[in-house]
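Shown next, in structure tokens, is the structure this report addresses.
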Amino acid sequence: MADRFRILTLNNISTKGLERLPRERYEVASDIGRPDAVLLRSADMHKMTLPETVRAVARAGAGTNNVPVAALAKKGIPVFNTPGANANAVKELVLAGILLAARNIAPAWLFARGLTGDDAAIDVAVEKGKKNYVGFELPGKTLGIIGLGAIGVAVANSAEALGMSVLGYDPAITVQRAWQLSSSVQQALSLDDLFSRCDIVTVHVPLNEHTKGLVNAARLKLMRPGGVILNFARSGTVDDAAVLAALDAGHLHGYVNDFPKNGLKDHPKVVTLPHLGASTNEAEENCAVMAADQLRDFLENGNIRNSVNFPEAVLARVPGATRLAIANSNVPNMVGQISTSLAGAGINIADLLNKSRGEVAYTLIDVDGNVDATICERIRAIEGVLSARIV
Ligand SMILES: NC(=O)c1ccc[n+]([C@@H]2O[C@H](COP(=O)([O-])OP(=O)(O)OC[C@H]3O[C@@H](n4cnc5c(N)ncnc54)[C@H](O)[C@@H]3O)[C@@H](O)[C@H]2O)c1
């Protein structure tokens, strides 16, 4: 089986993911010579000497700090990641967080655990104590969602199913997410508009200079009394001190987040969880499956989905055609030179897709009939071409 693709794994990858790379077409191992691609989770690739044969790197996970993304782009090597693969895991914990706060589950549970005496004494204490934990129900309440990406959209749709009204704010929502979003989710005009119309606000944005402290004292004041804040995004997007002050002043009812800190973790109206958002077996499997599928589509069809350094490029194959996949610097006249080179070899183009992103461009060309590998050598000789292969 000489033509199998060779995949080097740098971490243990979930079996469900590896099953997407069938043995008749793929050889996958943690020590393999001349790999076509690298599949990893958190292994550090920065100091690794990359074998010359590698054409792609796939990371099962969202962040790519452990991969030299820019250096690989310069060599014409796309790096894939798996955005959204853990969205359901986070969504489920956010829903749990809403219910934790609405029904005062954490303090009520602490109370129940602290009950002493025989069962008759416990019954008496329960009837006396339960009035301190009266909660509220979700239908009729308005949930505000900041950031309608993979997680925000999943939370929005599920919250509606629980009977809540949902208000979203995301000035840069993608077309794909807009299609997934329930049509009855309303659009907030601004963050202030969102806070002033919501009972519960949950944050699902990345942490950057625009989102740091996005939930702050001034915006909390706009919320209806008895409100709840949730942060399962990143520590820093919410000004924790402002939330604690609003809780102590009795304006807010609760705060549920995934980032324990001193002052926060022991507060009676706060529930902090130890960064559990994506911690499910299924999320890990989803990441591995998505990484393997994207790698396979690239190796077998040249298609690029969810790359952090290459443009999205997906082209249906023309039946009977041979496909060329070419990465090049994003400079003028590359497609012209490539087409001229093909025409010079008497090769007819059946379909072509050219996409660019920053300094890199990527071209998929389906040409009529069979062509031999010398055409790739001719294309590689063009200045600015980073890689060229028959797929
Ligand atoms: N708790 C955890 O374990 C856990 C797990 C996964 C992800 N996360 C965090 O959740 C966040 C969201 O994840 P995702 O997969 O939905 O990401 P995503 O990239 O799919 O969505 C993020 C969305 O935020 C929007 N956005 C960015 N800046 C904004 C702003 N200033 N105002 C409003 N919207 C803004 C973007 O347009 C995008 O639609 C990530 O940043 C990640 O750090 C946490």
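Numbering of ligands and ligand atoms starts at 1, following listing order. The first residue of the sequence shown is numbered 1, and numbering continues consecutively from there. Note that these values count all heavy atoms, side chains included, but never hydrogens, waters or copies made by symmetry.
Other residues, nucleotides and ligands contribute at most 12 non-hydrogen atoms within 6.0 Å of the NZ atom of K128.
By the criterion of a heavy-atom distance under 4.0 Å, both the backbone and the side chain of V205 are placed next to ligand 1. Under 4.0 Å from ligand 1, not a single heavy atom of A89 appears. Of all the heavy atoms of I151, the ones lying under 4.0 Å from any atom of ligand 1 are found in both the backbone and the side chain. Contacts between N208 and ligand 1, counted as non-hydrogen atom pairs separated by less than 4.0 Å, are absent for every part of the residue.
For the residues G84, A283, A87, A150, the heavy atom positioned nearest atom 20 (O) of ligand 1 is part of A150. When P206, G61, G149, A188 are ranked by how near their heavy atoms come to atom 18 (P) of ligand 1, first place goes to G149.
Ionic pairing of K130 and E127 is present here: one or more N-O contacts between side-chain nitrogen and carboxylate oxygen are shorter than 4.0 angstrom.
Counting only heavy atoms of the protein, atom 37 (O) of ligand 1 lies nearest to D170 OD1, 2.8 Å. Nearest protein neighbour of atom 4 (C) of ligand 1, counting heavy atoms only, is F232 O, 3.8 Å. The shortest contact between atom 28 (N) of ligand 1 and any protein heavy atom is with T211 CG2, 3.9 Å. The protein atom (non-hydrogen) at minimum distance from atom 12 (C) of ligand 1 is H204 O, 3.5 Å. Closest to atom 32 (N) of ligand 1 among all protein heavy atoms lies Y169 CE2, 3.8 Å. In this structure, the protein non-hydrogen atom closest to atom 1 (N) of ligand 1 is D258 OD2, 2.9 Å. The nearest protein atom to atom 5 (C) of ligand 1, hydrogens excluded, is given as V90 CG2, 3.5 Å; this is a heavy-atom distance.
Annotation for ligand 1: atoms under 4.0 Å from non-hydrogen atoms of N86 are 6 (C). Of all atoms in ligand 1, numbered sequentially from 1 with element shown, those under 4.0 Å from a heavy atom of A172 are 37 (O). Per-residue contacts place L148 under 4.0 angstrom from the following atoms of ligand 1 (heavy atoms of the residue considered): 39 (O). Interface of A278 with ligand 1, defined as ligand atoms under 4.0 Å from a residue heavy atom, comprises 3 (O), 5 (C).
Taking 4.0 Å as the cut-off, S279 does not count as a neighbour of ligand 1 on heavy-atom distance. Ligand 1 lies less than 4.0 angstrom from a heavy atom belonging to A233.
Side-chain contact between I200 and M164 is present, with at least one heavy-atom pair separated by less than 4.5 Å. Looking only at side-chain heavy atoms (C-beta outward), V228 and I98 stay at 4.5 Å or farther from each other.
Residues H267 and D248 have side chains that bring a donor and an acceptor to within less than 3.5 angstrom of each other. Side-chain atoms of Y255 and D240 form a donor-acceptor pair, as typed in the model, at a separation below 3.5 Å. For the 3.5 Å distance criterion, the side chains of N354 and T363 qualify, holding a donor opposite an acceptor.
Protein heavy atoms are found less than 4.0 angstrom from atom 10 (O) of ligand 1.
Without hydrogens or angle criteria, R59 side chain to G63 main chain gives a donor-acceptor distance under 3.5 Å.
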**Request:** List the steps and the verdict of salt bridge (Lys or Arg N to Asp or Glu O under 4.0 Å) for R305 and D297.
**Result:** CA-CA 9 Å; R305 290 175 217 261; D297 198 21; 3.4 Å; yes
**Message:** For a side chain to side chain contact (heavy atoms under 4.5 Å, CB included) check, start with the C-alpha distance between S339 and V335, then their side-chain angles and the critical distance, and finish with the verdict.
**Reply:** CA-CA 6 Å; S339 324; V335 175; 4.0 Å; yes
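Relative to the ring axis of F298, R389 places its NZ or CZ within 45° and under 6.0 Å from the centre.
At under 3.5 Å, a nitrogen or oxygen of R234, whether backbone or side chain, sits near a nitrogen or oxygen of ligand 1. Ligand 1 has no N or O atom lying under 3.5 Å from any N or O atom of L214, backbone or side chain. Considering backbone and side-chain N/O of H275, one or more are found under 3.5 Å from N/O of ligand 1.
Screening residues 365-391 for ring pair (Phe, Tyr, Trp, His ring centres under 6.0 Å) gives no qualifying pairs among residues at least two apart or on separate chains.
Residues passing the side-chain hydrogen bond (donor to acceptor under 3.5 Å, both in side chains) test with S341, sequence neighbours excluded: none.
Ring planes of Y133 and F111: tilted class, angle from 30 to 60°.
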